[in-house]
Structures are given as C-alpha cells and as structure tokens.
Visitor: 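Sharing a structure here in structure tokens format.
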Amino acid sequence: MSNVLEFLQQRNSSPKLTTPGPSDDDMEHIFRAALRAPDHAQLRPSRFITITQDRRAAFGILLEQCLLSRNPDADEATLSRARNSPLRAPLLVVVVVKITLHPKVPPIEQRFSGACAAQAVLLAAEASGFAGIWRTGAAAFDRAVMTGLGLAEDEEIIGFLYIGSRNGAAKVISPLDITQFVSTW
Ligand SMILES: Cc1cc2nc3c(=O)[nH]c(=O)nc-3n(C[C@H](O)[C@H](O)[C@H](O)COP(=O)(O)O)c2cc1C
C-alpha cells in the first residue's frame, strides 16, 4: 500500500492540541490543498479565517457574549467554557462559504464544497505533522458569531478547525468491516 493510502486510512482527529501550531509557510501549503476542493462551476465558495495568539481570547469573548444572547440564563461554568474554548489549540481556522445564487449549483453543493475544503485542511495539516479537529456547535450557526467574525449576510460557517500539535498518543482506530458500508448495485 502506498504511504498516501496508509495515511488516508489512519486520519485521526485530535481533541487535545498543543503548541507548536503550523507556521505561515505550513499554512500556505495547507490552504493551497484546501483550495483544491471540488468546486462545481468554479464558484470559489470557500474562504478561511485564521485566529491565533491573543485573538483567540478575543474570539472567546465573542463566543461568550453570543452564548449569553442565545441563552441569558447560562451559568458561569457554561460561559467560562465558551470563553476558553478557543484556547484549546494554537490555531483556529474558520471555514466560511459564500452562497451564490446559481442556476446549476444549489446552495447545498456550495456547502459540500466547503466541507471538502475543511477536510482538506485537516488532511493537509496532518500531512504536515500537525493534528486537528473539526468542531461546530450552536456558535457555528449563530448569525451574531458570523457578524462578529466579519461574515457577510450571504456567508456561513462550515466549521471551526482547531489545529496544533497532537497532545498525547493518537487514538487507536478500530478497523471497520467495509462490507457493511459498501454494496454493488
Ligand atoms: C460537521 C462536523 C461537526 C462536528 N462538530 C463537532 C463538535 O462540535 N464537537 C466535537 O467534539 N466533535 C465534532 N465533530 C466530530 C469530530 O470532528 C471528529 O470527527 C470526531 O471526534 C471523531 O474523530 P475522528 O475524526 O478521528 O474519527 C464534528 C464533525 C463534523 C464533520
């Protein structure tokens, strides 16, 4: 089996991440890979927002404020979890899609393309020696969070990718029986 196939079969999210995160040069390669996501009619729906260093704390405050607007009864533990959540990795990449009205490319296909780009970021980050995890939650669907991140009305969040160095051992991937997932028609 080729190294690439072996790598693809072992891809593994990491909820526990630490420094170092990828360099700007690493990220350039990672984003070039992400921009190779399938893209019907070349609409270029995806863009990426990076959040690092002390901007993570600023983003945490935005998440906390938006959570409080969604749920004015949220307790301090919940608010603190939201505020600190961006500090779980040295780098966050927000994957954004712009939905364009197009006669042949419905919005769902543009979201699919954004999801492929998100997966490509994770794969390319892992191929560069890092690790990551795709997270969403209510914040990803909250227009106030989107506005705080500078998204336009026709843009949406596909996911928050947390990226850094794997903290601890990668989890063991149990082999699946592919016959349960694949059939011939
Ligand atoms: C669209 C999407 C949203 C997700 N949101 C979350 C999330 O908010 N929190 C979380 O812990 N995992 C979330 N996950 C799952 C993780 O990214 C990851 O796939 C899961 O922990 C399993 O690990 P694995 O990718 O190594 O199989 C999400 C996955 C997808 C595709």
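Counting convention: from 1, in listed order, for ligands and their atoms alike. In what follows, residues are counted from 1 in the order of the sequence shown. Quick note: numbers below take in every heavy atom, side chains included, and nothing from hydrogens, waters or symmetry partners.
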Visitor: With side chains defined as the heavy atoms from C-beta onward, is the minimum distance between Arg143 and Thr147 less than 4.5 Å?
Guide: yes

Visitor: Do Ser23 and Asp25 have a side chain donor and acceptor closer than 3.5 Å?
Guide: no

Visitor: For the residue pair Arg81 and Asp75, establish whether any side-chain heavy-atom pair is separated by less than 4.5 Å.
Guide: no

Visitor: Can you pull out the closest protein heavy atom to atom 25 (O) of ligand 1? Residue, atom name and distance to 0.1 Å, please.
Guide: Ser13 OG, 2.5 Å

Visitor: May I ask you to identify the nearest protein heavy atom to atom 29 (C) of ligand 1, giving residue, atom name and distance to one decimal place in Å?
Guide: Trp134 O, 4.0 Å

Visitor: Would a 4.5 Å heavy-atom cut-off, applied to side chains only, mark Lys98 and Arg44 as touching?
Guide: no

Visitor: Could you work out, for atom 8 (O) of ligand 1, the closest of Ile133, Val95, Thr136, Leu161 by heavy-atom distance?
Guide: Thr136

Visitor: Do Val105 and Thr100 come close enough that some side-chain heavy atom pair is under 4.5 Å?
Guide: no

Visitor: Does any non-hydrogen side-chain atom of Phe112 lie less than 4.5 Å from one of Ile108?
Guide: yes

Visitor: Using a strict 4.0 Å cut-off to heavy atoms of Gly137, name the atoms of ligand 1 that fall inside it.
Guide: 8 (O)

Visitor: With a cut-off of 4.0 Å, which atoms of ligand 1 are near a heavy atom of Asn12?
Guide: 26 (O)

Visitor: Is Gly159 near ligand 1, meaning one of its heavy atoms is under 4.0 Å from it?
Guide: no

Visitor: Given Arg11, Arg135, Lys171, which has its nearest heavy atom closest to atom 26 (O) of ligand 1?
Guide: Lys171

